[in-house]
Amino acid sequence: MTENSKQAAAADKDRVLIFDTTLRDGEQCPGATMTFEEKMEVADFLDAMGVDIIEAGFPIASDGDFEAVSAVAERVKNATVAGLARAGDKDIDRAGAAVGKAVKPRIHTFISTSPVHMKYKLKKEPDEVLELISRSVTRARNLVDDVEWSAEDATRTEPEFLCRCVEAAIKAGAGTINIPDTVGYTVPEEYFALFTMLREQVPNADKAVFSAHCHDDLGLAVANSLAGVRAGVRQIECTINGIGERAGNAALEEIVMAIATRGDALPYATGVDSTLLSRASRLVSVVTNFPVQYNKAIVGRNAFAHESGIHQDGMLKHNQTYEIMTPESVGVSKTSLVMGKHSGRAAFRTKLTDLGYDLGDNQFEDAFTRFKALADRKKHVYDEDIEALVDEEIAHMHDRTKVVALTVIAGSVGPQTATLTLDVEGEHQTVQSTGNGPVDATFNAIKKLLPHNGTLELYQVHAVTQGTDAQAEVSVRLEDDAGRVVTGRGADTDTMVASARAYVAAVNKLMVKREKTTRVQAAV
């Protein structure tokens with residue numbers, strides 16, 4: 001089948017909208033908080049890959065959340081931008097103000113409908129909940145044309161009452177009705193039956209798009225979401241890498257590729273560019289400091305790896321013996337080991353293009369210099385190594401302070417010593433410091449050259465690839481006494497150098513935030 005015929009076939013299929021809530025539900029995952037800049041980076045990528053709706057946050061939760069949702073709304077060019085709101089007037093108004101400048105704004109409002117939630121969480125009677133649904137949706141509809149309503153804990157709600165709630169929301173002006181499995185309780189057959197019942201029994205159900213939002217407490221989020229689609233759902237709410245509350249949400253990459261791969265059983269289509277899925281996964285993993293499990297479907301490191309002799313033999317004869325999709329379809333190169341110390345600029349630029357990067361001349365030269373240095377130190381250079389190298393280069397290109405050199409003396413007899421040279425706004429400064437271990441000594445040296453009041457909240461190291469010569473990717477999170485939180489990242493084959501780069505990157509961000517706050521206060 002030619003590419004044109006594939007596109008024509010996809011156009012004939014029912015369109016399933018992809019609603020990404022990585023920036024809202026995903027960020028609620030304990031430890032997954034993103035900085036303002038990281039949220040913008042993720043939002044830009046979601047828009048570029050063709051996500052239909054981006055839920056940018058919960059505007060009333062904090063001033064920071066409001067500012068982030070507002071910024072996403074202003075910068076996103078194609079996707080609808082949604083802000084979450086409870087059923088109260090203040091929530092609705094705050095969400096409306098946050099998404100107001102979006103090309104396509106949406107208010108997503110919700111209220112609990114299950115007996116246990118109404119009794120213990122809301123402390124309200126069913127009739128009061130029905131009144132709040134009508135009131136909140138009407139208020140939201142007066143602010144924006146696109147309103148989504150959700151029944152929190154819908155899968156544990158009494159069917160007759162759920163029908164009344166959905167009817168009230170549609171009557172008040174909700175164009176999208178979300179029936180979430182908030183606690184990951186349902187199974188595919190039940191979820192299918194629930195949507196079938198609602199679409200058959202609720203008056204004017206055909207005037208709304210039904211949506212599935214499934215949590216993965218029983219490992220059924222993706223299966224439940226697809227069961228909903230077979231029952232008439234035409235919007236799926238999901239997150240990159242499946243991050244989210246508790247066990248997480250339905251994984252966007254799994255939803256997209258299940259529909260793309262099993263067109264026979266799932267005759268639907270999405271607008272997501274699947275070749276960007278691996279980069280999206282890596283980006284979210286890096287900014288949230290949540291590693292992706294090796295055997296994760298679609299985007300895990302081992303998703304297209306074969307070690308078994310039987311599997312290798314089959315793959316050599318025909319790749320479809322053990323692969324149901326091509327690595328290229330999700331943005332993974334068939335061959336990881338293709339670059340080395342003898343590679344030239346042309347080959348390196350081609351590799352960057354294959355990996356989806358478009359660097360300016362100065363960025364390219366800096367990246368190429370670091371690549372050559374890495375190739376001299378590593379026996380094998382993998383695609384993941386190059387991605388880590390370039391991602392760090394892009395993240396740090398505007399830093400006013402950079403690591404120039406680091407020497408660490410460590411061992412069983414302390415104290416350990418670190419000698420550090422930093423480029424501080426064009427001037428090289430060197431200092432020596434001791435500490436309780438090499439990391440402590442390195443960070444103490446940085447504090448001497450870059451005094452700050454930040455507290456180390458997170459120090460995390462993971463290997464980019466396999467082997468003892470693998471690059472270490474380090475994440476550092478600092479919080480100062482004013483509550484400002486920043487995250488810095490660094491990568492190098494030397495874990496101490498990667499640690500120094502990550503810590504310096506975090507201090508750079510902290511200084512920028514402090515200066516911004518000072519300017520705002522001076523203006524007031």
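Tyr503 has its ring centre no less than 6.0 Å from the ring centre of Tyr459.
Looking only at distances, a side-chain donor or acceptor of Gln460 sits under 3.5 Å from a matching main-chain atom of Asn289. No side-chain donor-acceptor contact under 3.5 Å links Thr186 to the backbone of Glu190.
Of the options Lys77, Arg75, Lys39, a side chain to side chain donor-acceptor pair (under 3.5 Å) to Asp44 is made by Arg75 and by none of the others. Exactly one residue among Glu55, Gln235, Glu237 makes a side chain to side chain donor-acceptor pair (under 3.5 Å) with His213. That residue is Glu237. With Ser281 as reference, Val292 is the one residue of Val330, Ile298, Val292, Leu252 to meet the side chain to side chain contact (heavy atoms under 4.5 Å, CB included) rule.
Side-chain contact check for Ser70 and Glu67: no donor-acceptor pair (N or O, by modelled atom type) lies under 3.5 Å. With 3.5 Å as the limit, one finds a donor-acceptor pair spanning the side chains of His108 and Ser150.
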Go through the steps to decide whether Leu218 and Asp216 satisfy the test side chain to side chain contact (heavy atoms under 4.5 Å, CB included), and finish with yes or no. CA-CA 5 Å; Leu218 294 176; Asp216 209 33; over 6 Å; no
Taking it one step at a time, do Glu148 and Arg106 satisfy salt bridge (Lys or Arg N to Asp or Glu O under 4.0 Å)? CA-CA 7 Å; Glu148 175 175 342; Arg106 173 183 291 190; 2.7 Å; yes
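Nearest heavy atom pair, residue Ala151 against residue Leu162, reads CB-CD1, 3.8 Å.
Phe195 and Tyr191 have perpendicular rings, their planes meeting at more than 60° on a 0 to 90° scale where under 30° would count as parallel.
For Asn295, the CG atom sits in a packed shell: over 12 heavy atoms of surrounding residues, nucleotides or ligands are nearer than 6.0 Å.
Using a 4.5 Å heavy-atom threshold, the side chains of Val229 and Ile236 count as touching.
A cation-pi arrangement is found for Arg94 relative to Phe66, the charged atom lying closer than 6.0 Å to the ring centre and inside a 45° cone about the ring normal.
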